[in-house]
Trainee: 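My questions all concern the structure below.
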Protein chains: 2
Amino acid sequence: MTDGERLLDAVLRLTTALQRDMETGLAAVGLTPARAHLVGVLVTSGPQPQQALARQLEVTPRNVTGLVDALERDGFVTREPQPTDRRASIVTLTARGREVADGLVAGRRELGGQLARVLPAGRVAALADDVAALADEVERLAGGAR
Amino acid sequence: MTDGERLLDAVLRLTTALQRDMETGLAAVGLTPARAHLVGVLVTSGPQPQQALARQLEVTPRNVTGLVDALERDGFVTREPQPTDRRASIVTLTARGREVADGLVAGRRELGGQLARVLPAGRVAALADDVAALADEVERLAGGAR
DNA sequence: CCACAACGTGAAGCATCTTCACGGTTGGTA
DNA sequence: TACCAACCGTGAAGATGCTTCACGTTGTGG
């Protein structure tokens with residue numbers, strides 16, 4: 001097995017483990033990955049109409065409707081009417097939604113710290129750069145085929 | 001942002017890109033990730049009853065039924081009766097299934113090569129080790145909470 | 001021979017996600 | 001100013017992946 005394949009294997013394993021880890025954490029606060037993603041966008045970009053959310057999440061507007069339905073049902077967000085355009089409604093985090101979102105950010109920070117502690121301090125930054133380079137390449141590969 | 005968070009960000013980005021890349025490649029040959037996973041198990045472990053597949057895929061036997069239904073419908077596998085146990089049927093790759101599976105293996109090898117070429121040759125092996133260490137840690141974290 | 005275990009699947013349900021169609025709104029243009 | 005095309009959100013229908021529960025069929029140890 002070449003080093004490249006070993007690398008790919010390791011990345012795939014990390015991917016799986018990370019995904020599992022995040023999903024269980026999300027489930028603990030009552031969120032699914034897709035809904036958490038939407039909450040994340042609300043945190044970083046503020047209250048928005050569903051169209052804008054659909055663009056940022058790269059899914060269809062119809063799908064956003066369903067995600068917001070669930071988040072609204074569970075009390076994480078509300079749909080506020082937009083006075084300037086009665087077609088659109090603004091999706092806004094509730095207090096509880098903001099709480100949970102803050103928890104997610106904290107969890108992410110903590111996980112970053114735990115990962116950094118696995119390796120010698122000096123190597124973490126370089127590793128981040130290398131992994132970023134890999135990500136760039138893969139994005140390039142996928143984009144080039146577009 | 002700490003190095004740990006930068007690393008986590010890079011890994012998450014790589015994860016997303018890699019997943020997209022693989023999904024499009026899979027779709028091109030008529031497979032979904034879950035069905036490809038099942039095909040992969042058949043390649044490495046040979047023809048098996050659905051129970052064994054369920055164990056290796058870490059999903060419920062009921063789910064395997066659906067995956068095999070689809071793969072059988074599309075001509076990638078067949079269900080052969082097992083003479084020694086009439087309850088079970090053995091899931092086996094068809095010629096076409098084996099072809100497609102070989103293609104997947106080749107694609108994986110190629111992707112590994114492409115990733116290796118992104119970085120200086122000397123660093124790939126070390127990177128693979130580091131990423132593997134991260135994967136170990138994340139698996140440990142998830143396992144510890146079990 | 002019989003109770004219990006194992007194999008696969010029907011039924012029902014949840015989460016993502018898609019496409020298509022439609023109804024209400026806006027906004028710019030004839 | 002009337003009008004129509006573009007736009008917002010959502011109903012309907014469907015594909016995929018997963019789960020649990022219930023069942024019928026088959027194997028097997030006592």
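So you know, we letter chains A, B, ... as the sequences are listed, proteins then strands, and number each from 1.
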Trainee: If each of Asp85(A) and Arg73(B) is mapped to the nucleotide of DNA chain D with the nearest heavy atom, which maps nearer the 5' terminus, i.e. the 5' end?
Mentor: Asp85(A)
Trainee: Does Arg35(B) have a side-chain nitrogen or oxygen under 4.0 Å from the phosphate oxygens OP1 or OP2 of dT16(D)?
Mentor: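 For dT16(D), OP1 or OP2 has a side-chain N or O of Arg35(B) closer than 4.0 Å.
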Trainee: Return the value, rounded to whole Å, for the distance between atom CG of Asp74(A) and atom P of dC14(C).
Mentor: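 So the two atoms are 13 Å apart, to the nearest Å.
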Trainee: Please state how far atom CD in Glu23(B) lies from atom P in dT18(C), giving the value in whole angstrom units.
Mentor: 12 Å
Trainee: At under 4.0 Å, does any side-chain N or O of Gln51(B) touch on OP1 or OP2 of dA6(C)?
Mentor: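 Gln51(B) to dA6(C) OP1/OP2: no side-chain N or O under 4.0 Å.
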Trainee: Assess whether a salt bridge exists between Arg140(B) and Glu137(B), defined as any Lys/Arg side-chain N lying under 4.0 Å from an Asp/Glu carboxylate O.
Mentor: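 Judged by the 4.0 Å cut-off on N to carboxylate O distance, Arg140(B) and Glu137(B) do form a salt bridge.
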Trainee: Where each residue is assigned the nucleotide of DNA chain C containing its nearest heavy atom, which of Thr84(A) and Val64(B) is assigned the position nearer the 5′ end?
Mentor: Val64(B)
Trainee: Would you mind reading off the distance between Gln19(B) atom CD and dT16(C) atom C1', rounded to a whole angstrom?
Mentor: 13 Å
Trainee: Please give, in whole Å, the distance from dA15(C) P to Leu38(A) CG?
Mentor: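 Checked: the CG to P distance equals 15 Å.
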Trainee: Would you say a side-chain N or O of Thr60(B) is under 4.0 Å from OP1 or OP2 of dT19(D)?
Mentor: yes
Trainee: Looking at dT26(D), dT25(C), dT16(C), which one has an atom nearest to any side-chain atom of Arg87(A)?
Mentor: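 The listed nucleotide nearest to Arg87(A)'s side chain is dT25(C).
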Trainee: Are more than 12 heavy atoms from other residues, nucleotides or ligands located less than 6.0 Å from atom CZ of Arg79(A)?
Mentor: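 Yes, CZ of Arg79(A) has more than 12 neighbouring heavy atoms, counting only those of other groups under 6.0 Å.
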Trainee: Whole Å only: how far is the NE2 atom of His37(B) from the C1' atom of dT16(D)?
Mentor: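 So the NE2-C1' distance, His37(B) to dT16(D), works out to 16 Å.
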Trainee: In plain terms, say whether Arg6(A) and Asp3(A) are close enough for a salt bridge, that is, a side-chain N and a carboxylate O under 4.0 Å apart.
Mentor: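 Looking at Arg6(A) and Asp3(A), the cut-off is met.
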Trainee: For dT9(C), does either OP1 or OP2 sit under 4.0 Å from a side-chain N or O belonging to Gln50(B)?
Mentor: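 The answer is yes; a side-chain N or O of Gln50(B) sits under 4.0 Å from OP1 or OP2.
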Trainee: Among dG8(C), dT18(C), dT9(C), which is the nearest nucleotide to the side chain of Arg62(B)?
Mentor: dT9(C)
Trainee: Can you measure Phe76(A) atom CZ to dA15(C) atom P for me and round it to whole angstrom units?
Mentor: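 Atom CZ in Phe76(A) sits about 12 Å away from atom P in dA15(C).
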Trainee: Hey, does Asp74(A) have a side-chain heavy atom less than 4.5 Å from the side chain of Arg35(A)?
Mentor: yes
Trainee: Rounded to whole Å, please give me the gap between CD in Gln82(A) and C1' in dG24(C).
Mentor: 15 Å
Trainee: Any salt bridge between Glu139(A) and Arg13(B), counting N to O under 4.0 Å?
Mentor: yes
Trainee: Taking OP1 and OP2 of dT16(C), is either one under 4.0 Å from a side-chain nitrogen or oxygen of Thr32(A)?
Mentor: yes
Trainee: Please report the distance, rounded to the nearest Å, between CG in Leu71(A) and P in dA15(C).
Mentor: 11 Å
Trainee: Closer to the 5' end of DNA chain C via nearest nucleotide, is it Asn63(A) or Arg55(B)?
Mentor: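 Checking each residue's closest nucleotide, the 5'-ward one belongs to Arg55(B).
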Trainee: Let's see if you can work this out: which of dT16(C), dT9(C), dG9(D) has an atom nearest to the side-chain heavy atoms of Pro33(A)?
Mentor: dT16(C)
Trainee: Within the pair Arg86(A) and dG24(C), is there a side-chain N or O less than 4.0 Å away from OP1 or OP2?
Mentor: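 The answer is no; no side-chain N or O of Arg86(A) sits under 4.0 Å from OP1 or OP2.
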